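Read the structure below first, then the notes.
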Amino acid sequence: MKPLSFLSKLMIFTIAVSTLPVLFIGSFSYLTSTREIQKNVNQSKMELISQINSNVERKLTTVNQTLNQVVNSTVLKKALQNPLSESDFKLYNDLRNEIRNMQSFDTKLEDVVLINLQQDWMVKNSGLYRMGEYKDREGLERLMNTPDDTSWILTPSSWFYSEENADSAPCSYSISLIKKLPVAGLHKYGLALANIPACSLQDVVATDSERPDNVIVVNERQQILMHPDPSLIGRQLEESGWGDTSLIANEAQPAGQFQTFIGKQEYSATYLRSQLNGWVYLSVTSIGSLTREAGKIGLYSFYVCLLMLMLSIGLAWFGSRRMYSPIERLLHLIGRRRTDIRRRHANEFELIGEEYHRLFQSKSQLETEVHQHIRQVLTFSLIEAYQGHYTKRQLLEKLEQYGYNEQIEAWQTMAVFTLALDFTDDSAYGKKDLNLLLFAAQNIIEELLDPQSRFAPVIMDQTIVTLIGSPDGEPDSFHQTVYAWTEKLQHEIHQCLKLQSSIGLSLPFQAIHKLSIAYREGIEALKYRIKLGTGVIIQYENINSGKHVLNVNYPTHKENDLLDAIKLAEVEKAKELTGRLFHSLFGQELSPQEYQIPLTRLLNNLLVMMQEAGIALHQIQPTGGSLFEEMLGLHTKAEIEDWYWTTVIHPMIRIFNNRQNAQYQNISEKIIDLIQHEYDADLTLEACAARLHYNANYISSIFRKETGYAFSEYLTMYRFKMAKRWLRETEMPVKEIATKLRYNNSQNFIRSFRKVEGMTPGQYRESAATLSSGKVRETS
């Protein structure tokens, strides 16, 4: 996936910044308005059912009060004590008047029923009846089992109609206010029922609500008392398709709203529980109708947000282009185009950053290269000056060019010192590390010595050379200062690099044109390391040049012993003789140049011996360089001795050793072959030596070295091997075996066999036979 350009990112960002608030505000307003609609609908529904509840309870309270007047009247109390037969016409008529007075109120009463189970009579609108003869007597008697003395119960309307006019009931169910009689008595044996047709509740709701089809009333048993569908009155609420009625059944929640399913549609239900009789008033609203109302608001919000989004996107695009124009001009200045962004999968700032990084890097590289070139030119000029390639005038011009003019004018006394690193056997470095170590030592000199007191140190011929000067014109004081510098420098190099160093000092001088002479004096002083050892400070004025007598005694006998040890490939002996030879060579008082005579002679004799032995020079010197040049380039006794051993002597010993091993292995194989073919003959070491054209003692030592056994021991072992084979595999007599193996008599053979094997030949044959037969039985 290709990365986006900065312009694209900027546009996306600005569009997102301008779009997100619009979307947020639009969504927030839509959700808020939807919640407000829901809240207002729920509030209106709650007010509606509260009003319905108040109206219904007011009517029910009126019914209750009028029925209380009837049940507390003296007429009813007197009637309860009489059987109300035909002779009690006046009492019956008074009782009917009380009932008619009660029905005269606007209470929607259908009938008032009085029942006396003790006197077995029932009075209602249609007349006086005997309970024992009444059709629905059992249903009415069960009403005595209601837990309270006063209660509202849903009863079938057919209970209160005679068979002649049972079909004339206005509703299938009646809402009955039941009071047990007598009211003040402990023993209840009568009932007073005020019946209101259940369908008349719909009329009460219709007078107070514009939408009565949304109101449902259920009693505490969740029986439907009022429903838009009259056929559902009397059924349980769940039978009408309600999915969840748990909140309605929870008496701890007197009012609230919840969502439920009626059938397969989702509805919002608002409910209120009556404090009078526990009835629950429900108002249900389809969620679909609510969402339709909210959808109108959502559609309006969508159009408004869409308009705002289009304006925001246009402003974001225009503003992004305006803000991007400086970046576009900058890309044009650095020679980049938008196609470079897509091709290189980078954004504009990365390209600009790369360009500026390249410019700064080029500047840094240029500064570094100029600095390096200046340093290299300075180093080259100083090397030329030390080597004497400049005239006096040219030298002064060069030094003035590099800023050394003020130092030269201030210095009264000058000297050149040359520093060389000394490698020893216990050193952690090798010659391959010399260049890196010289560079480290050069840095130490630059840090340790004051730049105002020295020239820049340069590396020449594996030494570090610098000029030091002092404004002090006293020679003794200058010597002390220089010597203190050199000692401190040696100490720091040893601490940092774990190496010893030697320093050669020239004679002090006052004129700068004597610089090349002083350099040669310092190099000459360093050469005396071959005599004085390592880690020394050598002053040229202390060298006793020209006062010694040349008296070279070359240790020829030690050289001959070393050559013999090399030919015999005796490594330890050759190492020891090498040390003795060099101790004798360097024990003589010679100058560095004079030491080159015996060292060259030794190398020449070694090369002559190598040539006589048929060893090519490339076998010990694969690089093909000159051994004499390498040897003359060494400066200390330890370096020279180590070079002779590692480069010349030890490689020659390895070549002679390889030749001897190949020769020894060939001789041993030939002797073993003779034994294996002629073991049954009179074979001796002398006979083998004569046939192989070698000295018997020589081949005896070689055979023992290669096999670990003497000739006679190996011959006896092989003969016994053949004897055991014959004893196992043949029926050859022991005496014949002894004769074939060149024994004088069989007894000598038997004794020798018992000594080696721990048993006689016959016992060995029996043991082998027993072992063989056992294996045969196991196989079968």
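Throughout, numbering of the chain's residues begins at 1 and tracks the sequence. Please read all numbers here as calculations on a predicted model, not as lab measurements.
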Count the heavy atoms of every other residue, nucleotide or ligand shown that sit under 6.0 Å from [atom1] of [X], and state whether that count exceeds 12.
X      : atom1 : value
Asn745 : CG    : yes
Arg754 : CZ    : no
Phe628 : CZ    : yes
Tyr402 : OH    : yes
His389 : NE2   : yes
Lys735 : NZ    : no

So how far is it from [X] [atom1] to [Y] [atom2], rounded to the nearest 0.5 Å?
X      : Y      : atom1 : atom2 : result
Leu603 : Ile649 : CG    : CD1   : 10.0 Å
Tyr718 : Ile672 : OH    : CD1   : 10.5 Å
Leu382 : Leu395 : CG    : CG    : 9.5 Å
Thr486 : Gln539 : OG1   : CD    : 8.0 Å
Ile444 : Leu449 : CD1   : CG    : 11.0 Å
Phe439 : Asp433 : CZ    : CG    : 15.0 Å

Is the closest side-chain heavy-atom distance between [X] and [Y] below 4.5 Å?
X      : Y      : value
Met652 : Val648 : yes
Ile566 : Leu606 : yes
Ile503 : Trp485 : no
Gln387 : Met460 : yes
Leu599 : Phe582 : yes
Ile737 : Pro761 : no
Leu741 : Phe720 : no
Asn748 : Arg751 : yes

field: From CA spacing to verdict: side-chain contact (heavy atoms from CB on, under 4.5 Å), Leu489, Phe417
entry: CA-CA 12 Å; Leu489 183 59; Phe417 83 80; 4.0 Å; yes
task: Take Ile493 and Leu419 through the side-chain contact (heavy atoms from CB on, under 4.5 Å) test and state the conclusion after the steps.
output: CA-CA 11 Å; Ile493 291 176; Leu419 182 143; 3.7 Å; yes
For [X] and [Y], indicate whether the former's side chain and the latter's backbone hold a donor-acceptor pair under 3.5 Å.
X      : Y      : result
Thr647 : Trp643 : yes
Gln490 : Ser501 : yes
Gln442 : Pro457 : yes
Tyr386 : Leu467 : yes
Glu521 : Leu507 : yes

Quick one: closest heavy-atom pair of [X] and [Y], and the distance?
X      : Y      : result
Trp645 : Ala574 : CZ3-C, 3.8 Å
Met722 : Tyr679 : CE-OH, 3.4 Å
Ser506 : Ala518 : CB-O, 3.1 Å
Ile653 : Val571 : CG2-CG2, 3.7 Å
Ala710 : Arg704 : CB-NH2, 3.1 Å
Asp642 : Thr646 : O-OG1, 2.8 Å

query: Thinking salt bridges, do Glu757 and Lys724 make one under a 4.0 Å N-O criterion?
result: yes
Enumerate the side chain to side chain donor-acceptor pair (under 3.5 Å) contacts for [range], please, sequence neighbours excluded, ordered by first and then second residue.
range            : result
residues 454-470 : none
residues 598-609 : Glu559-Asn605
residues 491-500 : Gln500-Thr534

Excluding sequence neighbours, so at least two apart, what forms salt bridge (charged side-chain N to carboxylate O under 4.0 Å, His left out) with [X]?
X      : answer
Glu766 : none
Glu731 : none
Glu487 : none

message: Let's go through Val416 and Phe509 carefully: what are the C-alpha distance in whole Å and the side-chain angles of both, what is the deciding distance for side-chain contact (heavy atoms from CB on, under 4.5 Å) to 0.1 Å, and is it a yes or a no?
response: CA-CA 9 Å; Val416 173; Phe509 61 96; 4.3 Å; yes
task: Carefully, step by step, assess Thr716 and Val756 under the rule side-chain contact (heavy atoms from CB on, under 4.5 Å).
output: CA-CA 10 Å; Thr716 302; Val756 174; 5.7 Å; no
